[in-house]
Visitor: 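Below you'll find the structure I mean.
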Amino acid sequence: MQQNLVLYNTITRKKEEFKPIHEGYAGMYVCGPTVYGDPHLGHARPSITFDILFRYLQHIGLKVRYVRNITDVGHLENDADSGEDKIAKKARLEQIEPMEVVQYYTDRYHSYMKDLNVLPPSIEPRASGHIIEQIEMIKKILENGFAYESNGSIYFDVPKYSKSYDYGKLSGRVLDDLLSNTRVLDGQQEKHHPADFALWKKAEPQHIMRWPSPWSDGFPGWHLECSAMSTKYLGEEFDIHGGGMDLLFPHHECEIAQSQAANKKEAVHYWVHNNLITINGQKMGKSLGNFITLEEFFTGNHELLDKSYSPMTIRFFILQAQYRGTLDFSNEALQSSEKGLQRLMTAYSAISKIKPDNTAETNTSGLAEKCYKAMNDDLNTPMVISVLFETAKLINEANNGKQRLSETNIAEITKLFETFAFEIMGLKNEEKQNDDKGKTDELIDMILNVRMDVKANKDYATADKIRDELQKMGVVVKDKKDGFEWEIQ
RNA sequence: GGUCAGUUGGCCGAGUGGCUAGGCUCUGGUCUGCAAAACCAGCUACGGCGGUUCGAAUCCGCCACUGACCUCCA
């Protein structure tokens with residue numbers, strides 16, 4: 001099936017049809033987490049956004065190599081290059097090895113991603129495992145004359161690069177403006193120009209994360225890992241580079257410059273950036289301290305949360321907004337998502353109850369077309385969801401006798417849910433069950449059967465008591481015409 | 001200050017120049033011993049002012065406001 005996917009390319013500021021470099025294949029690199037803290041709602045957005053892209057590219061028949069890095073070195077804590085490595089600082093505070101911190105948070109990140117039904121990437125490289133590649137890249141940049149050594153550190157020569165290439169083309173920045181707007185930072189005297197950035201930084205004696213290099217014992221600059229690892233696993237030119245909008249400058253701008261300076265090629269064909277999640281209209285971010293971790297969402301253990309929210313609620317909430325728009329967090333919005341998702345899932349399970357009527361002339365084939373059209377238009381998941389709701393309505397109407405659906409209709413509807421809700425959008429039915437489920441089911445059924453007998457004798461006091469007690473244990477009873485249904489909340 | 005987004009009904013969020021996305025809330029109803037759940041129905045919004053057009057939320061201009069980036073951040 002041929003689908004023409006159109007993606008918004010940040011660098012051209014236009015929607016462009018996606019044409020892979022190698023027909024039938026797609027290479028995608030996405031900036032992953034810096035593992036020095038628990039992932040928060042903001043981290044869930046790019047993970048889910050690019051999970052959708054990953055899933056969709058595969059769905060339309062491409063073989064995808066998806067690389068998402070783990071940043072475990074190189075991000076400096078404070079004022080640019082003189083700052084201390086974030087992970088080193090955290091490690092010192094907690095009196096453990098830096099790699100222990102990295103391992104701990106990496107494991108937790110993986111666990112939360114799994115909860116969110118985010119597929120693991122094809123390759124998940126760590127910066128610390130690619131020091132050699134980064135040193136080699138620095139050498140190439142030095143050879144090509146776009147970097148210089150200063151007191152054991154290597155800096156990228158932005159003014160020189162600007163003479164041959166357009167530094168700032170991704171973020172729309174002009175070098176002269178950068179000059180006038182750059183803060184005076186410690187260690188700035190090592191640089192020839194304020195806009196220059198570190199490729200390799202000599203370690204101060206107190207730094208515990210350090211590696212040998214031709215220039216000094218130190219650590220790689222903050223932007224280099226992505227350039228080095230994307231080149232290694234996807235080649236000097238590849239299809240898609242993704243990440244959050246806040247990485248546009250300086251991170252991605254620097255990546256472009258580094259790759260260009262090292263390989264003399266424009267590395268990335270499509271730049272895709274997800275927008276941020278806001279809280280009270282403001283960015284949810286670490287520096288602002290206004291973030292809520294995924295664990296807090298899942299447990300409800302945060303003062304701003306009215307209740308806990310399941311992973312699928314979070315996923316659905318994120319998918320209800322197009323990835324390039326901001327998305328404002330609120331309890332109301334999340335509860336709305338929770339109910340909406342439940343409604344879709346209820347409708348999906350009600351498909352099996354429809355009695356087929358093969359004289360029906362309802363047209364359901366257009367629904368999938370609408371979904372494909374929406375997905376092809378820069379991953380318009382809110383539109384896909386609205387089609388699913390439309391379908392849910394159809395299902396319910398069929399079960400209420402207001403609509404007739406043929407076997408073909410039912411097959412198409414079933415496939416629609418399976419393809420778009422589950423396969424592409426990665427939603428799943430969250431059933432709270434455990435290993436003893438079978439026994440629990442039997443017990444609850446037994447109790448409720450007793451309640452039916454009591455009700456038949458019009459002993460409503462006892463019937464209500466049973467229902468109330470079950471309710472307290474989290475079992476919601478729903479009386480039906482000829483019996484009952486229940487679910488565990 | 002520079003760069004870039006955005007401003008849609010009570011809330012969240014799509015959107016094509018003309019055919020009222022969708023969800024949640026709310027109200028009414030079906031069902032029910034009652035209730036809950038489920039389902040059905042109703043609720044016609046597009047920041048302000050101009051302009052283009054037979055017609056604009058959708059195109060253009062101006063203004064106002066909000067946010068992001070310019071320092072680590074998804």
Side-chain angles (χ1 to χ4, degrees), chain A residues 10 13 30-34 36-37 39-50 75-81 83 86 168 171-174 176-178 180-183 185 195 222 242-251 253 273-278 281-288 291 316-317 320-322 324-344 346-347 350 370 374 377 380-390 392-393 395-397 399-400 402 455 458-460 463-464 467-468 471 476-481 485-487:
Chain A
T10 313
R13 302 186 194 290
V30 174
C31 291
T34 303
Y36 68 109
H40 60 74
L41 184 61
H43 292 98
R45 189 128 199 228
S47 311
I48 290 171
T49 300
F50 294 103
H75 278 243
L76 304 172
E77 179 64 36
N78 269 316
D79 285 354
D81 309 336
K86 267 184 180 167
S171 56
R173 249 145 268 248
V174 179
D176 290 343
D177 295 343
L178 286 174
S180 59
N181 283 313
T182 305
R183 268 214 261 153
L185 307 167
W222 12 314
M245 264 182 190
D246 49 352
L247 296 176
L248 248 160
F249 188 89
H251 186 57
E253 198 71 62
H273 289 97
N274 62 276
N275 213 319
L276 308 176
I277 289 180
T278 57
Q282 210 184 23
K283 177 173 92 162
M284 182 180 282
K286 253 174 197 132
S287 52
L288 293 164
F291 62 92
F316 192 67
F317 170 66
Q320 271 185 300
Q322 205 270 348
R324 280 191 297 116
T326 54
L327 175 61
D328 200 52
F329 154 83
S330 70
N331 279 286
E332 207 182 355
L334 278 169
Q335 279 162 34
S336 157
S337 297
E338 185 176 52
K339 286 183 184 169
L341 177 62
Q342 203 166 38
R343 186 162 169 223
L344 283 185
T346 307
K370 275 170 100 170
D377 183 14
N380 194 336
T381 50
M383 184 61 98
V384 175
I385 290 170
S386 88
V387 175
L388 291 177
F389 276 115
E390 208 177 294
K393 190 171 179 175
I395 295 165
N396 295 330
E397 280 175 349
N399 276 319
N400 284 1
K402 289 190 178 181
K455 270 174 71 182
K458 306 227 186 251
D459 180 3
Y460 296 125
D464 289 353
R467 185 173 62 195
D468 293 346
Q471 174 97 44
V476 179
V477 179
K478 303 167 188 177
D479 285 350
K480 296 287 167 182
K481 209 174 234 168
E485 280 182 11
W486 57 268
E487 66 181 357

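What's counted below: heavy atoms across the whole structure, side chains too, no hydrogens, waters or symmetry copies. Order of the sequence lines fixes the chain letters, A, B, ..., with proteins taken first and strands second; residue numbering starts at 1 for each chain. All of these numbers come straight from a predicted model, not from anything done at the bench.
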Visitor: Quick one: the side chain of D464(A) and the base of rG33(B), do they pair up donor-acceptor inside 3.5 Å?
Guide: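 Yes.
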
Visitor: Could you state the CD1-C1' distance from I277(A) to rC73(B), rounded to the nearest angstrom?
Guide: 14 Å

Visitor: Expressed in whole Å, how much space separates the C1' atoms belonging to rG55(B) and rA68(B)?
Guide: 36 Å

Visitor: How many whole angstroms separate atom OH of Y460(A) from atom P of rA36(B)?
Guide: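 Y460(A) atom OH is separated from rA36(B) atom P by 17 Å.
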
Visitor: If the C1' atom of rU53(B) is compared with that of rG9(B), how far apart are they to the nearest Å?
Guide: 27 Å

Visitor: Can you tell me how far P in rG6(B) sits from the matching atom in rC19(B), rounded to whole Å?
Guide: 23 Å

Visitor: What about R467(A), does its side chain sit under 3.5 Å from the base of rC34(B) through a donor-acceptor pair?
Guide: yes

Visitor: Assign K339(A) to base, sugar-phosphate, or nothing according to its heavy-atom contacts below 4.0 angstrom with the strands shown.
Guide: sugar-phosphate

Visitor: Between rC11(B) and rC26(B), how many Å separate the two C1' atoms, rounded to a whole number?
Guide: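 Result for the C1' pair: 11 Å, nearest Å.
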
Visitor: Using whole Å, report how far CD of Q322(A) lies from P of rA5(B).
Guide: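 So the CD-P distance, Q322(A) to rA5(B), works out to 14 Å.
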
Visitor: At 4.0 Å (heavy atoms only), tell me whether H273(A) reaches a base, stays on the sugar-phosphate, or touches nothing.
Guide: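 Nothing, no heavy atom under 4.0 Å.
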
Visitor: Rounded to whole Å, how long is the line connecting atom NZ of K283(A) with atom P of rU71(B)?
Guide: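 From K283(A) NZ to rU71(B) P: 12 Å.
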
Visitor: If I pick the P atom on rG22(B) and the same atom on rA56(B), what distance separates them, to the nearest angstrom?
Guide: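 Taking atom P in both rA56(B) and rG22(B), they lie 24 Å apart.
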
Visitor: With centres under 5.5 Å and planes under 30°, do F389(A) and rG23(B) count as stacked?
Guide: no

Visitor: Think K286(A) has a side-chain N or O under 4.0 angstrom from the OP1 or OP2 of rA74(B)?
Guide: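 Answer is yes, contact under 4.0 Å.
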
Visitor: Checking side chain to side chain contact (heavy atoms under 4.5 Å, CB included) against K283(A), which of N275(A), I277(A), L276(A) comes through?
Guide: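 Among the candidates, only L276(A) passes.
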
Visitor: Between atom CD in Q471(A) and atom C1' in rC34(B), what is the gap in whole Å?
Guide: 14 Å

Visitor: In whole Å, what is the span from the CD atom of E338(A) to the P atom of rU25(B)?
Guide: 11 Å

